[in-house]
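Here is how names work: the chains are called A, B, and so on, in the same order as the sequence lines, proteins then strands, and each is numbered from 1. Note that the coordinates shown come from a computational prediction; the quantities given were computed from them, not determined experimentally. What's counted below: heavy atoms across the whole structure, side chains too, no hydrogens, waters or symmetry copies.
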Number of protein chains: 2
Amino acid sequence: MRSSTRVTIKDIAEKAGVSKTTVSFAFNEPSKLSSATCERVLAMAAQLGYVPDPVARTLTTRRTGSVGILLCQPVEEALRNPYLGEILQGIGSSCAGQGLSLLLVPPFHGQVMEAARRAAVDALVAIGVGPDHQVVDLMQRRQIPLVTIDGCPGEGLSNVGVDDEAAAYELLEYVLGFGHSRLAIVELEPEVYSDGSGQTSAVARRRMAGFSRALGEAGLAVDAMRTFRVDCSLSGGMAAADKVLAGTGCTAILAMADILAMGIYVRCSEAGIRIPVDLSVAAFDGIQLSRILQPGLTTISQPGFEKGSEAGRVILSLLDGGPVRQVLMPTTLQVRASVGQVPD
Amino acid sequence: MRSSTRVTIKDIAEKAGVSKTTVSFAFNEPSKLSSATCERVLAMAAQLGYVPDPVARTLTTRRTGSVGILLCQPVEEALRNPYLGEILQGIGSSCAGQGLSLLLVPPFHGQVMEAARRAAVDALVAIGVGPDHQVVDLMQRRQIPLVTIDGCPGEGLSNVGVDDEAAAYELLEYVLGFGHSRLAIVELEPEVYSDGSGQTSAVARRRMAGFSRALGEAGLAVDAMRTFRVDCSLSGGMAAADKVLAGTGCTAILAMADILAMGIYVRCSEAGIRIPVDLSVAAFDGIQLSRILQPGLTTISQPGFEKGSEAGRVILSLLDGGPVRQVLMPTTLQVRASVGQVPD
DNA sequence: GACTCCAGGTAAATCGGTTTACTAATTTTG
DNA sequence: CAAAATTAGTAAACCGATTTACCTGGAGTC
């Protein structure tokens, strides 16, 4: 019965005996039409089961109704870190009022830049990219507002971040206060995607700088820290614990993300290692779920949700012609029970 | 220096002294052009900083390069349940190979249907909607493949789900085996969005049916169960615990999601209530993160990731002209330590 | 030398809407 | 009552690509 081909505005116009313009007006500017005509058109549209094509509409209005989140890893890997979830929630909460959807943009066949080129979005949020990243120039050419989260405060680029160096310093200073002198740092595998930016993330570098400063002030050499790289997930944390516990002699672990710490807890529990008696654990993020850990996890609490919602607000402002904005959000050292004295 | 207006294929054609067709060919069908022309065009495009407009391309190719995930709640609320994250990871893992992005589509100003109308996607995944939901008809009209997850196995609609009734029966039967006769069921607040489907979810109804059957076979009346409704999040679980612990006399809690159980654990720990000695807890989902709970959570393990990846595969097949498919995935009762004997 | 092929390229149609500029009929205004 | 303004509607341009159908000149064939 129903035509196998899509119902377009043209079909309605013909069947209702009016022009395409009139049909368009019936939906978008009913005031320009007599109510009789308007109703007739609308009735015909309903009868034919018409649904406006969002893509065609976008072409002229220049609004896709979605905000992109550029990921440097496949969705599968990126979402293993609940911290990303919190950021997404924040972005979503700001964008909801404007009817915007969130487009998760993973690398296109391994290419982050290609993904950024093809993304049909009104604005883009990129996590952890600096002002010299190619995507910055690309989005400028595409004339699409870009906001980075945890990028670098650079020229003419909006960013929402925290003082990573200071936070790392604060955390390590606290840990060193317990007498630890052999530390394990659990870092994230740098996402190596073929866009030339497969370097250690800017965040990690800033944190390492903070660590070094704290070490120096405590009179310790840099080799008091050993670095272990794993992917950012529960099982990554477990793998890290295995490595550290394999006779490294480290008495404290500092993990770059709470989810890693959670993995470490799991392994320690299985191995009968008591936190913080046998091993001290500290981390970064302060995600909601870290509340379920026993003993409580000492962590640098970053406002993930708020970072996201602030980035969302910056985006809305940018879309509205507002100026570039750099936002620095506070972190706090959440002291709980996972860090203790060096075991004998 | 650079023109303030977008660089289009037309600009390149003019500056390179060729037709638009040639420019298009240079990018998409280089074999149809002499290599000299092709290089000249490409060079001009690079010089002008040309980026093809994804929307315009989509209009003719009829491919957006994204798969929609229809949410019945704001992103902020939906992502509070890590189970959704696992499903997304699964969908993402299947779609990654095809270069597809994931569009999270929350209700548009409270309207789920309006959001579904406006979504520019190649295919849609809807979680928890039945074959009679309006979105099914809509997507048919839009000629966009639809797959439901945890919907109902219905006529001509692809679905990936599990046997919720049997799973619920199995779980409650196990719990009743410990002698419990006063049960608290922690349910999800039905998402009331103005599209007429603000009912208790189909999943919840099927599980309740399974519960009733188990109760009946154990010779208990239906009023042995008390139902509490909260939103699906850690704090929702905490709120549920507060309600249940406020003198209801319930000795076991069955939560509709692991994340709720996690909230319950937090509250119990704070209140000094021992699981499973003072209170038994069981749940549904079997998310990765439930591994960190102490004591281990007894739960109906559903393959969240696999559900997602299977849904993704069905979508790819559908996009390829494949047939409607209904997939039933297995669940297993994960017996761990959170359910015990009724306290005296 | 007439005929077919083919490589290389183009003009115009198309995708499905929105928007601009214009017309004709009616109403208001001075 | 003529001029101006408003109402209701339309044709055509436009958004920025892809795609179809066609053209042209030269090589290959018989």
Side-chain angles (χ1 to χ4, degrees), chain A residues 3-42 44-45 48-65 117-122 141-144, chain B residues 3-42 44-45 48-65 117-122 141-144:
Chain A
S3 156
S4 104
T5 174
R6 236 171 313 275
V7 176
T8 76
I9 210 172
K10 195 177 155 201
D11 301 322
I12 302 177
E14 284 170 5
K15 307 248 180 189
V18 296
S19 71
K20 280 173 28 176
T21 311
T22 302
V23 179
S24 179
F25 281 164
F27 284 98
N28 307 316
E29 315 245 13
S31 67
K32 296 199 167 186
L33 259 37
S34 75
S35 54
T37 312
C38 189
E39 277 166 30
R40 189 156 49 88
V41 171
L42 259 27
M44 183 58 69
L48 264 44
Y50 170 71
V51 185
D53 182 329
V55 176
R57 193 211 295 276
T58 296
L59 191 54
T60 50
T61 60
R62 313 285 335 155
R63 287 285 171 156
T64 62
R117 252 185 287 275
R118 309 172 84 103
V121 295
D122 292 336
R141 288 207 306 271
R142 287 192 59 187
Q143 301 178 217
I144 288 181
Chain B
S3 157
S4 103
T5 174
R6 235 172 314 274
V7 176
T8 76
I9 209 172
K10 195 178 154 202
D11 301 321
I12 302 177
E14 285 170 5
K15 308 248 179 189
V18 295
S19 71
K20 282 174 22 177
T21 311
T22 303
V23 179
S24 179
F25 281 164
F27 284 98
N28 307 316
E29 314 247 12
S31 67
K32 297 200 166 183
L33 259 36
S34 75
S35 54
T37 312
C38 190
E39 275 166 32
R40 189 157 48 88
V41 170
L42 259 26
M44 183 58 69
L48 264 44
Y50 169 72
V51 184
D53 183 328
V55 177
R57 192 211 295 275
T58 296
L59 191 55
T60 49
T61 61
R62 311 284 337 153
R63 285 284 173 158
T64 62
R117 252 185 286 275
R118 309 173 84 106
V121 296
D122 292 337
R141 288 208 305 271
R142 286 193 61 187
Q143 301 179 215
I144 288 181

Whole-Å gap separating [atom2] ([N]) and [atom1] ([X]):
X	N	atom1	atom2	value
A:L33	C:dT18	CG	C1'	15 Å
A:K20	D:dA12	NZ	C1'	9 Å
A:L59	D:dA17	CG	P	9 Å
A:F25	D:dT10	CZ	P	10 Å
A:E29	D:dA8	CD	C1'	14 Å
A:I9	D:dA11	CD1	C1'	14 Å
B:E39	C:dG8	CD	P	13 Å
A:D53	D:dC15	CG	P	19 Å

Answer whether the closest heavy-atom distance between the side chains of A:S24 and A:K32 falls below 4.5 Å.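 In short, these two side chains do not touch, never coming nearer than 4.5 Å.
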
Would a 4.5 Å heavy-atom cut-off, applied to side chains only, mark A:Q143 and A:R62 as touching?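 A side-chain contact under 4.5 Å is absent here.
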
Does A:T21 get its side chain close enough to the base of D:dA11, under 3.5 Å, for a donor-acceptor pair?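 Such a pair exists between side chain and base.
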
Could you tell me whether the side chain of B:K10 has a donor or acceptor atom within less than 3.5 Å of a complementary atom in the base of D:dG16?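 In this structure, the two groups form no donor-acceptor pair.
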
Base, sugar-phosphate or nothing for [X]? Non-hydrogen atoms, less than 4.0 Å.
X	value
A:V55	nothing
A:V23	nothing
A:Y50	sugar-phosphate

Quick check on [N]: is either OP1 or OP2 less than 4.0 Å from any side-chain nitrogen or oxygen of [X]?
X	N	result
B:S24	D:dT18	yes
A:T61	D:dC15	no
B:T37	C:dG8	no

Is the closest side-chain donor-acceptor distance between B:T22 and B:S19 under 3.5 Å?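 The answer is yes; a qualifying pair exists.
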
Among B:I12, B:L33, B:V23, find the residue that satisfies the side chain to side chain contact (heavy atoms under 4.5 Å, CB included) test when tested with B:V18.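 So, applying the side chain to side chain contact (heavy atoms under 4.5 Å, CB included) to B:V18 and each of B:I12, B:L33, B:V23, only B:V23 qualifies.
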
Nearest atoms (heavy-atom pairs only) where A:L48 meets A:K15: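 Heavy-atom minimum between the residues: CD2-CG, 4.1 Å.
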
Which sits closer to the 5' end of DNA chain D, A:K32 or A:R62, going by the nucleotide each is nearest to?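 It is A:K32 whose nearest nucleotide is closer to the 5' end.
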
Nearest listed nucleotide, side chain of [X], among [options]:
X	options	answer
A:R57	D:dC15, C:dG16, C:dT18	C:dT18
B:A56	D:dT19, D:dA17, C:dG16	D:dA17
A:T22	D:dA17, D:dG9, C:dG17	D:dG9
A:S34	D:dA17, D:dT10, D:dA8	D:dA8
B:S19	C:dG17, C:dA11, D:dG16	C:dA11

Check whether any side-chain N or O of A:R117 sits under 3.5 Å from a backbone N or O of B:P52 as a donor-acceptor pair, and report yes or no.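 Answer holds: no.
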
Pick the closest DNA chain C nucleotide for A:V51 and for B:G17 by heavy atoms, then say which residue is nearer the 5' end.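 Of the two residues, B:G17 wins.
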
